[in-house]
2 protein chains.
Amino acid sequence: MPEPEISSPKRDHLMATAWRLFYRDGFRSVGIDTILAEAGVAKMTLYNHFASKEELIVALLEKRDRELRASVVATVEAAGKSPSKRLLAVFDWLEGWFGSADFNGCVFIRALSEYPDATHAIHRTAWNHKVAVKHMLAQLCTAAEAKNPEGLAETLSLLIDGAIVAAHGTRETGSARSARATAASLLKLASA
Amino acid sequence: MPEPEISSPKRDHLMATAWRLFYRDGFRSVGIDTILAEAGVAKMTLYNHFASKEELIVALLEKRDRELRASVVATVEAAGKSPSKRLLAVFDWLEGWFGSADFNGCVFIRALSEYPDATHAIHRTAWNHKVAVKHMLAQLCTAAEAKNPEGLAETLSLLIDGAIVAAHGTRETGSARSARATAASLLKLASA
DNA sequence: AAGAATATAGACAGATCTGTCTATTTTGTG
DNA sequence: CACAAAATAGACAGATCTGTCTATATTCTT
């Protein structure tokens with residue numbers, strides 16, 4: 001399903017511009033015309049690549065999902081072999097993200113919020129990402145030999161999403177450190 | 001500041017209708033005209049009570065903030081005298097909320113998401129609620145004689161917001177129980 | 001019952017929205 | 001060079017958006 005769609009320069013540029021505006025201002029707030037003007041692309045070019053605004057958004061979420069998880073994986077790999085360090089590296093990644101200049105919350109949480117209906121394609125796509133992240137955490141928890149890896153992964157997911165919401169509200173990175181400290185305690189508890 | 005505004009039947013009815021539609025479909029998704037039609041109220045009545053759609057939304061968030069916190073307080077009071085039971089009662093309240101028929105995520109997280117700009121009045125109002133809840137948690141943590149009540153309250157806030165996001169994604173109440181179990185562990189740890 | 005405050009319907013402005021269509025031009029390929 | 005594919009500008013439809021205005025009707029208070 002995450003078949004990387006056929007790529008073209010125009011399509012990529014369009015997606016990059018759309019991403020930037022949507023992430024800054026919100027999906028419903030940004031109109032197609034604004035994206036086209038900003039990207040310097042004709043309307044029919046967009047509608048030749050995407051059937052609708054909704055499909056464009058879904059494509060953007062799927063792309064962001066792939067890139068975000070790849071970025072986390074890279075940080076985990078760079079953290080060395082210690083399973084607990086690898087697990088906690090996820091929270092360091094979070095802290096770096098929160099501190100980045102254009103951080104503006106989690107686009108998936110925001111998509112869940114803007115399209116609150118559970119049956120909506122955008123809502124479902126956004127939630128798929130959260131499930132995928134939780135799966136990744138479960139693997140790290142298993143590697144760290146936690147007693148109940150699935151349960152710990154669930155809890156870590158809660159901490160992460162809570163930290164993201166807090167960072168969006170405060171524009172500070174502190175929530176990542178709080179979450180990390182709690183994660184460390186829980187990991188210790190689950191290994192004992 | 002949360003001076004309960006002058007109440008009138010029309011105003012209350014308008015707010016009730018607006019709340020229902022906004023909460024179901026989203027702030028940007030629901031137009032003024034839709035609310036007016038549903039409420040059976042004239043447009044000028046709305047604009048006599050509220051300067052703009054934005055002011056209406058802010059008023060709704062402030063009202064919801066008062067009511068939500070009062071509801072949590074009532075649950076805490078009903079939980080008896082044991083400080084730890086009182087603290088954990090917050091998570092029982094959450095579980096009940098997640099299981100309610102019209103649960104559709106947290107309107108404050110959704111407001112943060114729909115108005116991602118930190119300087120926006122709606123964004124700020126929504127975040128104020130999260131700060132107030134955290135303050136409430138800190139009091140409960142202090143009463144429970146936790147070592148670092150502010151720190152524990154921060155962590156519990158993360159768990160709660162994470163659990164809300166998860167409940168919005170899954171439509172299940174399980175995240176409340178996960179959060180509660182983790183909270184119980186952390187409280188024990190912080191009392192030892 | 002008289003007067004003041006409130007609510008009404010509905011037109012209106014002016015902007016914006018997504019998506020379609022056409023006719024032309026540019027681009028890339030054999 | 002010639003042909004096909006892709007992108008262009010821009011008009012267009014039809015709906016929707018917030019907010020204003022007016023002129024009439026209802027409700028509340030005294």
Side-chain angles (χ1 to χ4, degrees), chain A residues 4-61 110-111 113-117 120-123 125, chain B residues 4-61 110-111 113-117 120-123 125:
Chain A
E5 298 86 357
I6 316 99
S7 155
S8 90
K10 285 284 171 194
R11 186 189 154 103
D12 293 349
H13 178 233
L14 205 42
M15 286 182 78
T17 304
W19 165 260
R20 185 167 51 81
L21 297 180
F22 281 147
Y23 185 55
R24 195 187 60 190
D25 298 333
F27 297 113
R28 297 202 117 105
S29 169
V30 176
I32 289 295
D33 289 337
T34 306
I35 296 167
L36 296 173
E38 186 85 3
V41 156
K43 191 171 261 193
M44 278 314 294
T45 302
L46 189 156
Y47 281 103
N48 279 334
H49 284 290
F50 304 95
S52 62
K53 182 183 182 181
E54 179 179 318
E55 267 203 15
L56 167 62
I57 293 172
V58 167
L60 285 170
L61 292 179
R110 285 174 49 189
S113 295
E114 285 211 62
Y115 301 89
D117 176 8
H120 196 289
I122 293 175
H123 188 98
T125 303
Chain B
E5 296 88 356
I6 317 100
S7 156
S8 91
K10 285 283 172 192
R11 187 189 153 102
D12 293 349
H13 178 234
L14 205 42
M15 286 181 78
T17 304
W19 165 261
R20 185 167 51 80
L21 297 180
F22 282 147
Y23 185 55
R24 194 187 60 190
D25 298 334
F27 298 113
R28 298 201 116 107
S29 169
V30 175
I32 290 295
D33 289 337
T34 306
I35 295 167
L36 296 172
E38 187 84 3
V41 157
K43 192 173 261 195
M44 280 313 294
T45 302
L46 188 157
Y47 282 103
N48 279 334
H49 285 291
F50 305 95
S52 61
K53 181 183 182 180
E54 179 180 318
E55 268 203 14
L56 167 62
I57 293 172
V58 167
L60 286 170
L61 292 179
R110 283 174 49 187
S113 295
E114 283 211 62
Y115 301 89
D117 176 8
H120 196 290
I122 294 175
H123 188 99
T125 303

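Chain letters run A, B, ... following the sequence lines, proteins first and then strands; every chain starts at 1. All figures in this text were calculated on a predicted structure; none of them were measured in a lab.
Taking a cutoff of 4.0 Å between a charged side-chain nitrogen and a carboxylate oxygen, R24(B) and D117(A) do not qualify as a salt bridge. A salt bridge does not link E114(B) to R110(A): none of the charged side-chain nitrogens sits closer than 4.0 Å to a carboxylate oxygen.
With hydrogens and angles ignored, a donor-acceptor pair closer than 3.5 Å exists between the side chain of K43(A) and the base of dG19(C).
F27(B) has its CZ atom 16 Å from the P atom of dC17(D), to the nearest Å. If you take CG of N48(B) and C1' of dT27(D), they are 15 Å apart, rounded to a whole angstrom. Taking atom CG of residue L36(B) and atom P of nucleotide dT18(D), one finds them 9 Å apart after rounding to whole Å. Per the geometry, OH belonging to Y47(A) stands 17 Å off P belonging to dT22(C), to the nearest Å. Rounded to an integer number of Å, the gap from I122(A) CD1 to dT18(C) C1' is 13 Å. Taking atom NZ on K53(A) and atom C1' on dT16(C), their separation rounds to 11 Å, with Å as the unit. One atom, CG of L46(B), and another, C1' of dC17(D), lie 14 Å apart when rounded to the nearest Å. Rounded to an integer number of Å, the gap from R28(A) CZ to dT18(D) P is 12 Å.
Under the 4.5 Å side-chain criterion, counting only non-hydrogen atoms from C-beta, T45(A) is not in contact with R11(A).
The shortest non-hydrogen separation linking L46(B) to L14(B) is CA-CD2, 3.6 Å. Scanning both residues, A59(B) and F50(B), for their nearest heavy atoms gives CB-CE2, 3.8 Å.
Taken over five-pair windows at either terminus, the axes of the helix from dA1(C)-dT30(D) to dG30(C)-dC1(D) are inclined to one another by 30° (rounded to 10 degrees).
The side chain of M44(B) sits closest to dT8(C) out of dA9(D), dT18(D), dT8(C). Nearest nucleotide to the side chain of S8(A), out of dA7(D), dA9(C), dT8(D): dA7(D).
When the side-chain nitrogen and oxygen atoms of H49(A) are compared with OP1 and OP2 of dA7(D), one or more of them lie within a distance under 4.0 Å. For T45(B) and dT8(C), the shortest distance from a side-chain N or O to OP1 or OP2 is below 4.0 Å.
At distances below 3.5 Å, at least one donor-acceptor pair connects side-chain atoms of K53(A) with backbone N or O atoms of F27(A).
If you check every strand for non-hydrogen atoms under 4.0 Å, D33(B) touches a base.
Checking each of I57(B), L60(B), L61(B) against T125(B) for a side chain to side chain contact (heavy atoms under 4.5 Å, CB included) leaves exactly one that passes, namely L61(B).
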